[in-house]
Each structure stands twice: as structure tokens, then as C-alpha cells.
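Each remark here refers to the structure printed beneath this line.
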Amino acid sequence: MSVTSFLNLTVNGITVGMIYALIALGYTMVYGILEFINFAHGEVFTIGGYFGAIFLTWIIIQPGMPFVLKITLIILAFLFSIIATSLLGETVYLIAYKPLVGKSSRIGPLLSAIGVSIVLQNLILLIFGTTPITMPVEAIPRGFFIIGDAYIRHIGLIIIGITCISMFILSLYVKKSRMGQAMRATSQDIEAAEMMGINTNRIISITFIIGSALAAVAGILVCMYYGTLKFNIGFLYGLKAFTACVVGGIGSIPGAFIGSLFIGLIENYSIGLKFNLLGIFVALVFLLGTYYQFYLLPKKAKAGIKFIAPLFSKREEEKGSLVTTEKKTKKDLMSMEEKEMAKKAYYFGPLLIFFNFKKKNPSSFVAFHVRQSIKISFFNLFVFITMILMLFIFPNFQISSQWKDVVTYLMLILILIVKPSGLLGENIPEKV
Amino acid sequence: MKILRVENLTKRFGGLYAVNNLSFSLKKGEILSIIGPNGSGKTTLFNLITGIYPPTEGKIFLKDDDITGLRPDKIAHKGIKRTFQTLRVFPNMTILENVLVGMHPIIEENIFNSIFHPPIMKRQQKEATEKAISILSFFGTRLTGTRLHHPANSLSYANRRRLEICRALASDPKVLLLDEPAAGMNPKESLEIMDQIKQIRDKGYSIILIEHDMKVVKGASNRVIALDYGEKIAEGTPKEVSEHPRVIEAYLGKKVAKNA
């Protein structure tokens with residue numbers, strides 16, 4: 001494995017991640033406001049791709065067409081698909097979710113979403129059959145760069161560009177505009193927002209429209225990237241995008257972006273790299289772990305603080321902030337001896353069990369740090385063994401591509417164990 | 001001049017009358033307090049006026065406009081704003097943004113404007129920010145200065161109450177409904193908020209106030225209505241109502257009322 005193919009994998013990973021990000025936004029925005037998972041979103045994405053491909057097939061891009069005309073037609077296809085898909089997304093909301101949201105239990109809209117997903121998938125199957133739809137060859141940008149022996153397609157870079165731009169515009173829109181303000185207010189407290197004169201029905205509709213429009217863009221881009229689109233591809237992409245939301249912290253737009261990037265890269269690295277290169281990433285995790293165990297956590301213990309940030313979620317930190325005053329007063333209640341003891345706990349880790357450490361010091365403060373130390377020691381040990389295995393024992397082993405999803409989901413579980421609210425912390429309304 | 005009129009308002013939850021055949025009116029520029037023991041239907045009344053629930057029977061008029069059964073955001077646009085008993089500021093938005101959200105009824109925005117952001121919008125936004133700051137400075141430096149850009153969840157309980165009042169005032173409502181504005185404040189702060197409520201009234205707002213702190217009620221209100229089991233049991237000046245035998249009975253029980 002050379003450095004150049006590493007570059008190749010990185011670009012591919014980012015490209016796939018960007019596609020996930022475009023889909024993930026729909027999930028995360030809807031979840032932020034209505035607190036339910038719009039399972040039909042994956043199918044909306046597929047249909048968006050179908051609309052684009054059909055439009056371009058209909059108008060038949062000719063081989064000899066001038067470049068400008070071609071670009072115009074492609075942009076028209078995007079617009080057509082965005083409008084049609086937005087209408088679809090809105091219709092789905094009006095028919096399947098609106099009558100249920102807020103009225104029945106929380107499981108109601110969720111089941112409805114799964115139902116809609118099945119209906120839409122079968123609808124595609126009914127109309128187009130099982131043969132995948134293909135993008136007209138002329139509509140796909142076919143150029144590529146060659147750097148060393150890595151080859152990077154233009155379309156990949158276009159996908160990255162489009163996603164970054166739409167991401168930027170969207171976050172600016174949500175952050176700055178009055179409509180965006182209303183959107184954030186609605187996601188935090190829908191009833192209070194209504195009292196402030198915000199038409200929340202309209203805000204929810206706009207959320208669905210934006211989500212569907214982005215999914216349509218993603219659909220066409222995927223169709224251009226791979227050339228074809230199958231009727232059931234939306235399920236897998238939707239699931240991955242939703243996973244990305246959870247990894248990044250559901251309800252937050254930057255979270256969806258980071259999470260998607262993360263998933264895309266993991267997918268590509270895990271199957272593309274041999275163990276000796278993957279081991280380097282594990283080594284980085286190991287370094288971080290040892291930093292926590294032997295520097296950061298002992299320091300906190302010495303200062304008399306129960307460890308909170310940043311391994312824990314943002315929400316817990318917020319809850320913690322209420323307790324800080326209590327903690328501050330407690331801080332001085334801890335004797336020097338106890339602090340010293342808690343600090344030492346991290347250096348010895350699980351070995352403490354042999355020393356019967358807990359029995360000698362029944363203080364809850366020390367006990368807390370002992371528990372923490374045991375957790376982090378085992379984590380480090382596990383990472384260390386994995387690192388040794390990967391770097392020195394099976395350096396040439398490579399995971400076959402069927403295991404891609406398994407590896408991705410193992411990583412997801414690992415991340416969620418370490419940080420339950422996702423990388424950037426979840427951002428869901430606090431219910432009163 | 002009567003600015004808000006409630007006629008024979010009734011709300012039933014199953015067999016329970018939360019508000020029962022209630023009629024009253026609010027004059028322009030007065031503070032009307034509503035008192036009553038817990039569960040007597042005060043907050044339900046606010047929820048009915050602001051449109052969270054449609055009433056089972058009865059009508060609500062704002063001036064001569066029938067607003068019964070309208071959507072909450074429509075009612076907010078007509079000029080009725082409220083604060084909440086359980087604090088409901090938008091926790092992750094800054095203090096300034098909270099007040100700007102409150103201005104929704106007076107600043108129109110369509111999708112075109114929000115995407116293309118023409119200069120007129122920019123000017124409007126700037127004016128809105130200035131206005132928000134001037135409203136916030138009503139409470140001194142508690143909500144302004146560097147705090148302006150802090151998230152609302154960094155505020156203390158009492159300051160969140162003040163922020164809610166600012167947010168409600170942001171769109172110059174005709175009627176302001178305050179749900180226990182002094183709850184969670186110490187005696188000194190309650191007296192302060194009482195004065196401030198009076199100041200708000202003197203600016204020309206008409207206020208309905210729910211409050212348990214009788215000092216605040218007596219000090220601030222022009223008229224008081226006492227509710228029990230959703231029914232009006234007394235109406236009049238604060239002194240009249242607080243001495244009314246049925247009010248004492250409702251708060252302290254029959255036996256005590258007899259002895260008194």
C-alpha cells in the first residue's frame with residue numbers, strides 16, 4: 001500500500017461521506033424538530049436520483065452537444081428533481097406524518113415512516129422494475145486527475161464542492177435568517193415558538209422540503225458517481241446516513257457533516273488499507289488513551305474534580321453545570337491524602353483490585369476515580385493489544401469488502417460507548 | 001375601553017370543568033390579577049386565550065375581533081403574548097435571539113427575502129436588533145452587555161423570567177399575559193418585578209397577571225378576579241377580594257373561614 005493509494009482512499013472516503021452528509025441533513029433536521037426518524041428519507045433519496053436520471057434520458061443528451069448546453073441541461077435536471085422530490089417529501093409529511101405527530105404515541109409516526117418507506121420502494125419497483133436505472137453517459141463528467149498512481153475523478157471533487165457549498169449556505173441560513181431563527185426556536189420548544197407567532201406548520205413543511213431537496217441532489221450525484229441506481233439502494237444509504245447523524249450527534253447540522261465524513265472515511269480505510277497502516281490509526285487512539293490515563297485524569301483527580309468533560313456528552317455536562325457549585329464546595333472537603341490516592345489510582349489501574357484498594361478507602365470520591373481508572377485501563381489495554389496485533393502480528397492482513405458495513409457498525413458501537421451523545425453532542429429539544 | 005372580553009368561557013377535560021362559564025373583561029392600560037388555589041384553572045384560562053386549546057364553549061374577543069379557536073400563532077399576530085409558568089425560553093439560543101424570535105409578528109419575511117436577503121431586510125434586521133437591546137435594557141444590565149450573546153440556558157432562574165417578559169414585549173402586544181412572573185424570586189426581587197410590571201402598564205400595555213404572591217398582587221393590580229374550580233368566586237379591588245369570605249374559604253378551607 002503506497003501513499004498515493006492512501007490519497008485515493010481518502011478522496012473516495014470524503015466523496016462518499018459527502019453523499020451521506022447530504023442525506024443525513026434531512027434526517028437530522030426532521031429529528032431536531034419532530035423527534036422522529038423519517039425512515040422514508042432513504043427512498044426519497046432514491047426517487048430524487050431516478051427523477052434526475054429520467055429527465056436526462058428523456059431530453060437525450062447528444063454526444064456532439066456544446067458544453068454550455070450540456071451544463072444547462074444538467075442544471076435543469078437538478079432543478080426538476082429538486083422540485084419534484086420536495087413535493088414528494090412534503091406530500092409524505094402531509095399524508096403520513098402530520099395526522100400522527102404529537103397526537104399518538106411516539107411510535108406511531110415511526111411505524112408510519114417505515115410503512116411509507118416500503119410503499120415508496122415498491123412504487124419504484126412497480127414502475128421501473130428491478131433493472132437499475134442508468135445515467136446517460138454524456139451527463140457524467142468523465143475527467144480525472146492522476147497524482148502518482150492515484151486517480152481522482154472530477155465527479156468526486158464536484159460532489160465534495162457541491163456538498164460543502166450547500167452545507168455552508170444551509171448553516172448560514174439557519175444561523176442568520178429570521179426563518180432559520182424560527183426553525184431553531186421551533187426545534188427547541190414548539191409550543192413556545194407558536195406562542196411567539198411562528199407558524200410552526202410552515203416551518204415543519206420547510207424542513208421537509210429542504211431535506212428532500214438535498215436528498216434529491218445526493219441522489220443525482222450518486223447516480224453520476226456510480227453510473228447506475230438500484231431501486232433498493234435508498235435503504236442502505238438512508239441507514240448509513242442516519243448512522244452518521246447518530247455518530248455526529250443527532251439534531252445538529254455540523255454533527256451530521258462530521259459524522260458522515262467519519263463514516264465515509266472508516267468505510268474506505270477499513271477495507272482499503274492493510275493492517276499495518278490501519279494500526280497507525282489505532283496507535284493514535286492508544287496515544288490519546290494514555291494521555292487521558294496518565295496525564296489528564298490524574299490532574300483532575302489531584303484538583304479534586306470528578307471527571308466530566310470531554311468523554312461525556314454535552315447534555316450531561318449541562319446537567320453537571322447545575323452541580324458545579326456543589327462540586328466546588330466538595331472540592332475542599334477532599335483531603336490531600338484522598339486526592340493523592342485518587343491520582344495514584346490512574347497509575348495502577350486494575351492492579352488496584354489486588355491491593356484491595358477500595359476497602360481501605362471507602363470515600364466515594366476515591367471509589368469514583370478507581371472505577372474510572374479501571375474503565376480507562378481496560379480500554380487502553382484493549383487498544384494496545386489491537387495495535388500490537390495489527391502492527392506486528394498480522395501486518396499484511398486486509399479486511400475483505402463484504403465486511404465493510406460490519407466494521408463501520410462496530411466502530412459506531414465503540415464511539416457511542418465512549419461518547420453516548422455522538423461526536424459533537426446531540427441537539428434535541430428538552431421537553432418540559 | 002375594553003380591550004379583551006371573555007364571554008361564558010368553558011373548558012371541559014372529560015367530565016372535569018377546568019374553566020366553567022367564566023366572563024370578564026380587561027380594560028386598556030390596567031393590570032388584572034387572577035388568583036386562586038392550585039388547580040383552579042388559571043393557567044388553563046391562559047392556554048384558552050392564547051389558543052393552545054380550543055374552548056368547549058364561549059367566546060373570546062380582542063377589541064371587537066372574535067379570536068375564539070384561532071391558531072396560537074395567529075393569536076400572537078393579533079397581539080396577545082404570554083410568559084410561561086414553567087420557564088420556556090429557547091435554551092440554546094442567545095438572549096438577543098430569544099427577543100428577536102419574539103418579534104416575529106411584526107417583521108414579515110417570505111422565503112424570497114430570507115434567501116436573497118435584500119438591503120431592506122438588512123436594515124430591518126438592524127432596527128430589530130436595536131429595538132431588542134432597548135427592550136432588554138428595561139431590566140438594567142441584567143440581560144444586556146456581554147450577556148447579550150450568551151445562550152439563554154446560562155441565565156439564572158429569575159433572569160429567565162425577565163427574559164420571557166422581554167420576549168413577550170418584543171412585538172408590542174396589545175395584551176400581555178404574565179404567568180407567575182415572581183415565582184422563584186426572593187422578596188426583594190418580587191417587589192422589584194412588581195414595580196417593573198407597573199412601569200410596563202404605564203407604557204400603555206394591558207396586562208393579565210397570574211400570581212401567588214399576594215404582596216405583588218396587592219401592590220400591582222387594579223382589579224383582581226379569584227377563581228376556584230374554574231369558576232369566578234370574587235371580583236373587585238385587591239382589598240375587596242382578599243377579604244371576600246369565599247376567597248378565604250377557597251384558600252384555607254371551610255372551617256377556618258367560619259372561625260375568621
Side-chain angles (χ1 to χ4, degrees), chain A residues 32-33 86 102 166 169-170 172-207 209-210 213 249 251-253 255 314-315 317-322 324-325 424-432, chain B residues 46-47 49-52 71-94 96-117 121-122 124-125 128 151-154 157 164 167-168 170-171 173 177 179:
Chain A
I33 291 181
S86 305
S166 39
I169 293 173
L170 186 71
L172 212 64
Y173 179 74
V174 170
K175 188 112 197 136
K176 296 276 176 192
S177 79
R178 288 195 64 74
M179 199 84 85
Q181 249 170 27
M183 214 175 256
R184 276 185 298 152
T186 309
S187 84
Q188 280 169 43
D189 190 333
I190 195 161
E191 219 170 55
E194 229 168 17
M195 298 281 121
M196 291 303 123
I198 294 167
N199 187 346
T200 46
N201 283 334
R202 188 153 140 246
I203 295 292
I204 293 169
S205 289
I206 289 172
T207 311
I209 286 173
I210 291 177
S252 104
I253 290 176
K314 194 174 141 205
R315 283 163 75 79
E317 258 176 69
E318 270 164 20
K319 273 181 221 149
S321 73
L322 293 175
T324 38
T325 43
L424 295 189
E426 54 194 22
N427 180 20
I428 52 173
E430 289 163 44
K431 287 278 174 265
V432 192
Chain B
F46 271 22
N47 288 346
I49 295 175
T50 50
I52 293 182
R71 264 202 336 250
D73 58 295
K74 286 270 160 64
I75 291 176
H77 276 263
K78 297 243 178 209
I80 296 181
K81 283 292 207 62
R82 71 175 290 184
T83 66
F84 294 89
Q85 182 182 7
T86 50
L87 287 168
R88 289 171 85 168
V89 292
F90 302 116
N92 296 335
M93 296 173 92
T94 67
L96 182 62
E97 282 172 344
N98 262 286
V99 179
L100 286 176
V101 167
M103 282 185 195
H104 255 268
I106 52 170
I107 297 181
E108 287 300 320
E109 190 188 58
N110 52 31
I111 293 182
F112 173 83
N113 278 349
S114 74
I115 291 174
F116 297 102
H117 220 76
M121 273 304 291
K122 228 173 235 174
Q124 237 177 24
Q125 190 77 7
N153 59 12
S154 69
Y157 201 72
E164 276 210 341
R167 186 177 68 174
S171 64
L177 310 177
D179 201 342

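Below, all heavy atoms of this structure are taken into account, side chains as well, without hydrogens, waters or symmetry copies. In the text below, chain A, chain B and the rest are named by the order of the sequence lines, each starting its count at 1.
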Choice from B/N98, B/V101, B/V89 maximising heavy atom contacts with chain A below 4.5 Å: B/V101
Heavy-atom closest pair, residues B/M103 and B/S171: CA-CB, 4.4 Å
Contact winner vs chain A - B/P72, B/A128, B/A76, heavy-atom pairs under 4.5 Å: B/P72
Interface moiety of B/L100 toward chain A, non-hydrogen atoms closer than 4.5 Å: both
Heavy-atom donor-acceptor pair, B/E164 side chain to B/F84 backbone, under 3.5 Å: yes
Between B/R82, B/R167, B/M93, the one whose heavy-atom pairs under 4.5 Å with chain A are most numerous: B/M93
Student check: side-chain heavy atoms of B/F46 and B/Q85 closer than 4.5 Å: no
Distance-minimising heavy-atom pair for B/A170 and B/G102: CB-C, 3.8 Å
